[in-house]
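Everything numeric here is computed off the predicted structure, so don't read it as measured data.
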Amino acid sequence: MPTDSIQPKESAVASLQGGASWGKAVNLLPYLVLTLSLLMTLFFWRQYDRSLTSRFQTAFQDRTEEIMVRFLNRMIDDEQVLRGAVGLFNASDEVTRDEWHRYSISLSLDRNYPGLQGLGFTEVVLPKDKERHIRRMQAAGFPSYRIWPEGERPVYTAIVYLEPFDWRNQRAFGYDMFSEPNRHDAMAMACDTGDAALTNPVFLVQETERDRQKGVLMYLPVYDRMLPTATLEQRRDALKGYAYSPIRIRDFMWATFPRPSQDIGFRIYTESRATASALLFDSVSDWKVNLPRNYRPDFRASRTVKKFGREWLFTFQSLPNFALEQGKNQSRSYLAGGLVVSALLTVIAFMLRNARTSAIRAGQALRESQERYRKISEDSPAYICTFLPDCTLTYVNPALAKNARRAQAELEGRNFLDFLLPEYRLPVQEALNDLTPEQPTETMELAIFGPGGGVIWHQWTNRGIFDEQGRLAEVQAVGQDITERKKAEEERIRYEQQLLHAQKMESLGVLAGGIAHDFNNILMAIIGNVDLSLMKLPEESPVAENLRNIETAANRAAYLAKQMLAYSGKGRFMIEQTDLNRLIEELRHVLETAAPNAELKLDLARSLPAVEADQNQIRQILMNLVQNAAEAIGDQKGEIIIRTGSAILDQESLKNLILGENMAEGRYVFLEVFDTGAGMEEEVLKKIFDPFFTTKFTGRGLGLAAVHGIARGHQGGIRIYSEPGRGTTFKVLLPATEAAEAVAAEPVLDDWRGEGKILLVDDEETVRSIGIRMLRELGFTPLTASGGEEALSLYRENPDIKAVLLDLTMPGMDGEEAFRQLQLIDPKVRVVMSSGFSQQDVVQKFDGKGLVGFIQKPYTLKVLREVMRKAP
């Protein structure tokens, strides 16, 4: 009983004491909730804000790198134009104004190099040669020519060539750029170093008061190719002039950045210090970007680079659009959401003091609110995880688990390093070891194993959490998938390399075509004279054998010129429907003879589509590739396999082809030559199509270069597979076409003779001389003219001229212009066009305009007879 009476009292006391303790806890709970929720909100917001800031910083650095690289790449493109011009001088004793004009036209400056004001050459003139120089220029058709500004100077550099020679560039004709210190300094640096050099900002002499803008001039020295240039003094003594290009900077920048940057502002200085005199371009002022008053950018950066004889300074700042594009407001929204949640939790905690029921409801609301807060974290598109110092994962959010194609539970407890490519594991461990309380964060890019054996690229920002002793306790990481950005960077680098290769091959092709064209004019005189001499001499004459030897040597030289034309893509193509299998079978015996050290096997596809091709050129491809394969095999016994087939190629398949940039999607027929030779190193593969490049002790080095040119001329492509010790495969692809019936050729009449007057127009004296003798041999009465103007005058004076044998390439009025003028005089004029280039290239220019024939130099009497038989 006593016990029964005492027990309720003790329970009551305990209940009162428990209620008092609970009441104190309830009173403190709102403040505790407020403190913890604010700390959690600030902590997660700070983590999120830092990850955003890191992402913004990376994006800002990427954009600044892109702007600087794009600007310098454009400058490098312009430098390559000048190097091509210097190569023109190095390949010729004297570059004429017409050659300079044709080189400029071939570059298509306005289309391929917008912003480049022109391409010029300034000649070095000593005081003793000044008057002779002026007389020479005046005699060349510029009676008002002078070197300006006036005054006596130790040396002059007069602008003599400047294309396009329009009204603006004509304002600079004859200008002495040594007379101005800024230009003088850049030119002296180019002369002394032998490399391209740029001036500080200048106003070009071409400028007018309208649309006046700053510019720079790029110079590349031209030395006398017969003099040494090893030392500084030798280079100064050998200096002939400068190839240069004036650049109007606003036009240049508009062309470089067709969509002006609205997120990054930048300035370009031509010196390492930011001075007004060195300021070349200010994107904010020059592109008229409106900024708020007292605007302060979030990010700034500056970079220096040495290029073109100058130390450039690039300064960058973020603009208001940068923050908008990168989603800067996300951080504030995140913080605002956290503060709202914290306020709600605090209100709920205060309500607990009013009643137990309210406290329970508030607790429930708190749990629901915490769940929502957790979902905010787990629903984030960013990859979030935490792991221990040994890289054991303790938490993975759904976004990361989805990217890894695994469940969250499967990832937690695994080692983070297991998912990385082996070469990235050690750098990650070293980076984690470098984390300190003072430097708790680091950002790095990692390659991770993807599904199906692929690779996924991530960018991670890791933050270390340290205990009271400063030891790393945990790492919190936020990442994003940057695989697409990495692919885009690789694609950009591949495209730039392909573009540089195409530009290089195009420049070499233009040079080779020009040399072959001039070479054909020389061979025209040799072959023609030999041909006529052999006709006049009896067979038993002792001189006849010598003449035949000369004819053989000249034909070999003509073959070399044809090889060069083939490389340039301007070879003589006789296009016809061709069965590639039949062509290979017919040539099999010749190919076996060309490769005596190898067993030749054929693997020809059935039902192969036809191709439109020049059969002789395709035979040349086969011979060159088989001979190259035989030389690769060497003295050992080996095997050469020739395969044919067809395939449908899309744009992705065309990317890895040489010349693929000019090919269209569709069906292609391929010719594949495989050998069991030594194979090739990567460095050799990069040069095999360069003219005159060879790895052998003998040979001209034009075989594979000609294959390249023939494939280009047929709108085809090439693919090469080669590894040292595993042989080489050349695969040539040509567009497929439908087969058609062949047309029989007309028989040639060897005894045909003509009559009447024939006007022969050619600027080469030797060609005119041999042409007169050939035409007389055929029964014609030849009249000759050395240029277009003289030809028009003779045609007016001799209305009974039956036909005109007209050279296409002449100084002054060329053959194309002379042809148009002749048609104005006589719409029925009969013109046979003559050129060292191929019929295909020439006739395309005059398609439907009334040409009655074409003859390619060098030609024989037999070829001329057939052409003239068809012409009158």
Side-chain angles (χ1 to χ4, degrees), residues 42 44-73 253 256-257 259-276 278-305 311-336 380-383 431 435 438-445 457-463 476-482 484-486 488-489 492:
L42 291 174
F44 285 107
W45 169 76
R46 189 175 182 185
Q47 292 291 99
Y48 185 67
D49 187 69
R50 287 185 176 180
S51 69
L52 286 178
T53 301
S54 176
R55 189 183 74 187
F56 300 157
Q57 183 68 47
T58 301
F60 179 76
Q61 291 175 353
D62 290 344
R63 285 285 291 121
T64 58
E65 181 70 17
E66 177 189 357
I67 290 170
M68 186 176 71
V69 169
R70 186 181 295 185
F71 173 82
L72 292 177
N73 282 345
M253 296 302 289
T256 306
F257 300 91
R259 296 180 62 184
S261 173
Q262 299 293 322
D263 57 345
I264 303 293
F266 61 93
R267 290 181 177 178
I268 303 175
Y269 296 88
T270 57
E271 295 178 357
S272 58
R273 294 184 303 167
T275 61
L279 178 59
L280 181 61
F281 185 76
D282 184 345
S283 68
V284 174
S285 62
D286 289 337
W287 285 338
K288 296 180 175 56
V289 179
N290 294 322
L291 295 179
R293 182 176 296 179
N294 300 325
Y295 172 73
R296 299 184 64 183
D298 295 328
F299 301 98
R300 293 179 185 270
S302 63
R303 300 187 180 197
T304 58
V305 61
E311 186 169 359
W312 299 80
L313 172 64
F314 294 79
T315 63
F316 303 90
Q317 67 176 29
S318 60
L319 300 180
N321 281 353
F322 180 82
L324 295 176
E325 292 176 4
Q326 299 297 325
K328 183 68 173 177
N329 292 331
Q330 293 179 7
S331 176
R332 298 190 184 95
S333 301
Y334 196 97
L335 177 61
S380 172
Y383 306 148
L435 294 178
E438 293 76 22
Q439 296 290 335
T441 62
E442 56 84 22
T443 300
M444 61 191 314
E445 296 179 355
W457 282 91
H458 283 184
Q459 183 183 67
W460 285 94
T461 298
N462 300 325
R463 178 176 180 80
Q476 298 174 343
V478 177
Q480 59 178 334
D481 192 327
I482 60 170
E484 292 303 319
R485 191 184 80 188
K486 281 286 188 180
E489 291 175 355
R492 176 179 59 81

> Between atom CD of Glu311 and atom CZ of Arg273, what is the distance when rounded to the nearest 0.5 Å?
Replying inline: 11.0 Å
>> Angle between ring planes, Phe257 versus Trp287, binned at 30° and 60°: parallel, tilted or perpendicular?
In response: perpendicular
> Aromatic rings Tyr383 and Trp460: how do their planes relate, parallel, tilted or perpendicular, breaks at 30° and 60°?
Replying inline: tilted
> Rounded to the nearest 0.5 Å, what separation is found between the CZ atom of Phe281 and the CZ atom of Phe314?
Replying inline: 11.5 Å
>> To the nearest 0.5 Å, what is the distance between CH2 on Trp312 and CE on Met68?
In response: 12.0 Å
> Does Thr315 reach the side chain of Ser302, with side-chain heavy atoms less than 4.5 Å apart?
Replying inline: yes
>> So Gln459 and Thr443, do their side chains get closer than 4.5 Å, heavy atoms only?
In response: yes
> Is there side-chain contact between Leu319 and Gln262, with at least one heavy-atom pair below 4.5 Å?
Replying inline: no
> Can you tell me how far CD1 of Ile482 sits from CD of Glu445, rounded to the nearest 0.5 angstrom?
Replying inline: 3.5 Å
>> If you define the side chain from C-beta out and look only at heavy atoms, does anything of Leu291 sit under 4.5 Å from Gln317?
In response: yes
>> I'd like to check Phe299 versus Pro297 (side-chain heavy atoms, cut-off strictly below 4.5 Å). Are they in contact?
In response: no
> Would you call Ser283 and Ser261 a side-chain contact if the rule is heavy atoms closer than 4.5 Å?
Replying inline: no
> Side chains of Phe56 and Asp298: does their closest heavy-atom pair fall under 4.5 Å?
Replying inline: no
>> I'd like to check Phe71 versus Phe266 (side-chain heavy atoms, cut-off strictly below 4.5 Å). Are they in contact?
In response: no
